[in-house]
Amino acid sequence: MDLITLSTTAANLTPPRPIVSASSSLLKSRFPDSSSLVVTTNSSALSFSARAAGSGSGIKVGSPRSRVVMASTPSKPKIVTGDYGYVLEDVPHLTDYLPDLPTYPNPLQDNPAYSIVKQYFVHVDDTVPQKIVVHKDSPRGVHFRRAGPRQKVYFQSDEVHACIVTCGGLCPGLNTVIREIVYSLDYMYGVKRVLGIDGGYRGFYARNTINLTPKVVNDIHKRGGTILGTSRGGHDTMKIVDSIQDRGINQVYIIGGDGTQKGASVIFEEIRRRGLKVAVVGIPKTIDNDIPVIDRSFGFDTAVEEAQRAINAAHVEAESVENGIGLVKLMGRYSGFIAMYATLASRDVDCCLIPESPFYLEGEGGLFEFIEKRLKENGHMVIVIAEGAGQELLSESNQSKDASGNKLLQDIGLWMSQRIRDYFSTERKLGITLKYIDPTYMIRAVPSNASDNVYCTLLAQSAVHGAMAGYTGYTSGLVHGRQTYIPFYRITEKQNKVVITDRMWARLLSSTNQPSFMSVKDVEEEKKQEVSKGEGSDTQLLDNGNCAPDVLVTKEVSS
Ligand SMILES: Nc1ncnc2c1ncn2[C@@H]1O[C@H](COP(=O)(O)OP(=O)(O)OP(=O)(O)O)[C@@H](O)[C@H]1O
Ligand SMILES: O=P(O)(O)OC[C@H]1O[C@](O)(CO)[C@@H](O)[C@@H]1O
Ligand SMILES: [Mg+2]
């Protein structure tokens, strides 16, 4: 690993306080081979102003006693550390491997919409913390680059040939993101050439393309689905990059979930390997909200809202008969966020079952006992179950997978309906009426609601600003309400899940008053596992600041 040290003269203006280096153990655990590009500085006022000679890294360092460690492979994580445990997990830039690219003034400076905005361009040092709840002595922790327009761009308007592709399952808001990318490119940057890739990744080499203009996409946000079509499987990196190269595409906008972002990451690697001036940008899409780091994924809000209709129907049916039970199955393969938030929103749900919280049916403290208790108390009850919950209870496990390699699940809703009916009719001799509602595809096929539409717009605009500014290999995402650029590896390294030892699940349990189905021993075990995995509140939707410490950072402070 090369080591380049840059000295600067800027004064260290920060008040004296204990320097806690959160970064080293955090970085070591994430990048054990230490081959990442690391910039350290002892000033809290990070000012990147000098390019590391010969590296082409594009990272600029100008604070006192700065040290730059350059990796020979520029696609390795770019980490900047500063005083008081400051860590920036930076995103790649085209100049990492194409150091001599020319820059141009951002055309937005002449745009009347922005000329009145004070400080419209994002400062090069602006970063967004991953954790916003800190203690007095906490290190500053991990940060991401703030998204937004830069003063200089690396593409001229008529040089840009962009493409957009949507992959994976449907999600409300896909069309809004497509629309807003096209509008942002045209209205803000004067880009006229935008191609829509038909039918997901395989569309790069097997299908037709469609020219996307503001006129073509004008009304599409009012429709569910994706006008481009989508697919699972069919990711052939070489063929995709060949197609990008052959078509002369130089900005690739890839909208999709965890699998899609993994695909985007390998496309970026191949593009970098070929030395192409092509920005690869991911826009996170997942109705399950299983993408880590970001506050929530677009379409999630709409899905939770839409799920209310099914829960309402289940409630109406259940309360209209004696011992009525309404059972609603919602999406959520590995993450129970939709079920959890739909339950919290509804107030009519008596029990919510998610993949992260194991449960059992029979015996003391089991689901059947709870159902009987609720029926006695209220005469009816509503159960919400996520599709991935209780899969371990089903005797036959399904080994089949979809085209992307995702495990196909058994229908837990149907199975559960039957088990409840059988139990009460044969074992308890209690007449119940159970209505099973499966709104799975209804909640994701709808157009996005107002709040998701705004979110999609900001995501699309941020994605475009980043590509124009020469950033690449990143996912555009919301962190604590701020638009950021997140390196692919942070998005693909793990799945976002409901942490059942965290506050949000406790809030749900106290709202429904359902059993946790866990013994004290199970809870302790779960907590230990989360500590060893480094799980914590950073994966909790809308509850990122709930004070649960970043385990990796805490370790460092106490050592
Ligand atoms: N590890 C991977 N490397 C390259 N491509 C991948 C990888 N995993 C998935 N893909 C590709 O990404 C696309 C979408 O993947 P997948 O079907 O898993 O959906 P997703 O993006 O995770 O969305 P969701 O699960 O929210 O519906 C597919 O075309 C698949 O081939
Ligand atoms: O039937 P499809 O289109 O494969 O999608 C189903 C899956 O997609 C998701 O919505 C997102 O991964 C899951 O919740 C669900 O299991
Ligand atoms: Mg997925």
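Just so it is clear, the model here is predicted, and its values are computed rather than measured. All ligand and atom numbering here is 1-based and tracks the order in the structure.
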Ligand-side contact atoms (ligand 1) for residue partner Tyr201, heavy atom cut-off under 4.0 Å: 11 (C), 12 (O), 13 (C), 29 (O)

Shortest reach to atom 29 (O) of ligand 1 by a heavy atom, considering only Gly233, Gly200, Gly168, Gly169: Gly233

Tyr455-Asp295 side chain donor-acceptor pair, cut-off 3.5 Å: no

Atom 7 (C) of ligand 1 - nearest protein heavy atom and its distance: Gly259 O, 3.6 Å

Cation-pi, Tyr334 ring and Lys407 (6.0 angstrom, 45 degrees): no

Protein contact of atom 18 (O) of ligand 1 - nearest heavy atom, named by residue and atom, plus distance: Asn406 ND2, 3.0 Å

N or O pair under 3.5 Å between Arg333 and ligand 2: yes

Note: Glu270-Arg274 ion pair, threshold 4.0 Å (strictly below): yes

Atom 3 (O) of ligand 2 - nearest protein heavy atom and its distance: Arg444 NH2, 2.7 Å

With Ile271, the side-chain contact (heavy atoms from CB on, under 4.5 Å) member among Val280, Thr237, Leu94: Val280

Between Thr176 and Ser448: side-chain donor-acceptor atoms closer than 3.5 Å: yes

Residue Ile287 vicinity, atoms of ligand 2 by number, heavy atom under 4.0 Å: 10 (O)

Shortest-distance N, O or S atom of Asp258 relative to the Mg ion (ligand 3): OD1

Protein heavy atom at shortest distance from atom 1 (O) of ligand 2: Tyr441 OH, 2.5 Å

Protein residue, atom and distance nearest to atom 30 (C) of ligand 1, heavy-atom basis: Ser404 OG, 3.5 Å

Asp96 with Lys78: basic N within carboxylate O range, under 4.0 Å: yes

No-hydrogen, no-angle side-chain donor-acceptor test under 3.5 Å, Tyr183 and Asn218: yes

Residue, atom name and distance, where the atom is the protein heavy atom closest to atom 10 (O) of ligand 2: Met331 SD, 2.9 Å

Thr440 side chain to Asp438 side chain, donor-acceptor N/O pair below 3.5 angstrom: yes

Mode of Gln261 contact toward ligand 1 - side chain, backbone, both, neither (heavy atoms, under 4.0 Å): neither

Atom 14 (C) of ligand 1 - nearest protein heavy atom and its distance: Thr260 OG1, 3.3 Å

Nearest neighbour in protein (non-hydrogen) for atom 4 (O) of ligand 2: Arg232 NE, 3.0 Å

For Gly257, the ligand 1 atoms whose distance to one of its heavy atoms is below 4.0 Å: 20 (P), 21 (O), 22 (O), 23 (O)

Expected output: side-chain Glu387 to main-chain Leu330 donor-acceptor under 3.5 Å: no

Side-chain H-bond candidate by donor/acceptor type, Ser335 with Asp288, under 3.5 Å: no

Sidechain N-carboxylate O distance under 4.0 Å for Lys497, Asp502: no

Nearest candidate to atom 1 (N) of ligand 1, where distance is taken over non-hydrogen atoms, out of His235, Lys262, Gln495, Arg444: Lys262

Distance from atom 4 (C) of ligand 1 to nearest protein heavy atom, with residue and atom: Gly263 CA, 3.5 Å

Inter- and intrachain pairs under ring-ring contact (aromatic ring centres under 6.0 Å, His included), touching residues 219-243, at least two apart: Tyr201-His235

Metal site the Mg ion (ligand 3): N/O/S of Asp288 inside 2.8 Å: no

From OG1 (Thr230) to NZ (Lys285), nearest 0.5 Å: 6.5 Å

Qualifying residue, where the test is ring-ring contact (aromatic ring centres under 6.0 Å, His included) with Phe368 and the options are Phe517, Tyr360, Tyr423, Phe359: Tyr423

Heavy atom of the protein closest to atom 19 (O) of ligand 1 (residue, atom name, distance): Arg232 NH1, 3.2 Å

Protein contact to atom 15 (C) of ligand 2 [nearest heavy atom, distance to 0.1 Å]: Glu387 OE2, 3.1 Å

Ligand 1 atoms in contact with Arg333 (distance to a heavy atom under 4.0 Å): 25 (O)

Residue and atom name of the nearest protein heavy atom (relative to atom 11 (C) of ligand 2), distance in Å to one decimal: Asp288 OD2, 3.5 Å

Gly332 touching ligand 2 at heavy-atom level, < 4.0 angstrom: yes

Protein heavy atom at shortest distance from atom 26 (O) of ligand 1: Lys285 NZ, 3.1 Å

side-chain contact (heavy atoms from CB on, under 4.5 Å) evaluation trace for Tyr485 with Ser476: CA-CA 5 Å; Tyr485 300 139; Ser476 198; 4.1 Å; yes

Sub-4.0 Å atoms of ligand 1 with respect to non-hydrogen atoms of Asp258: 20 (P), 21 (O), 22 (O), 25 (O)

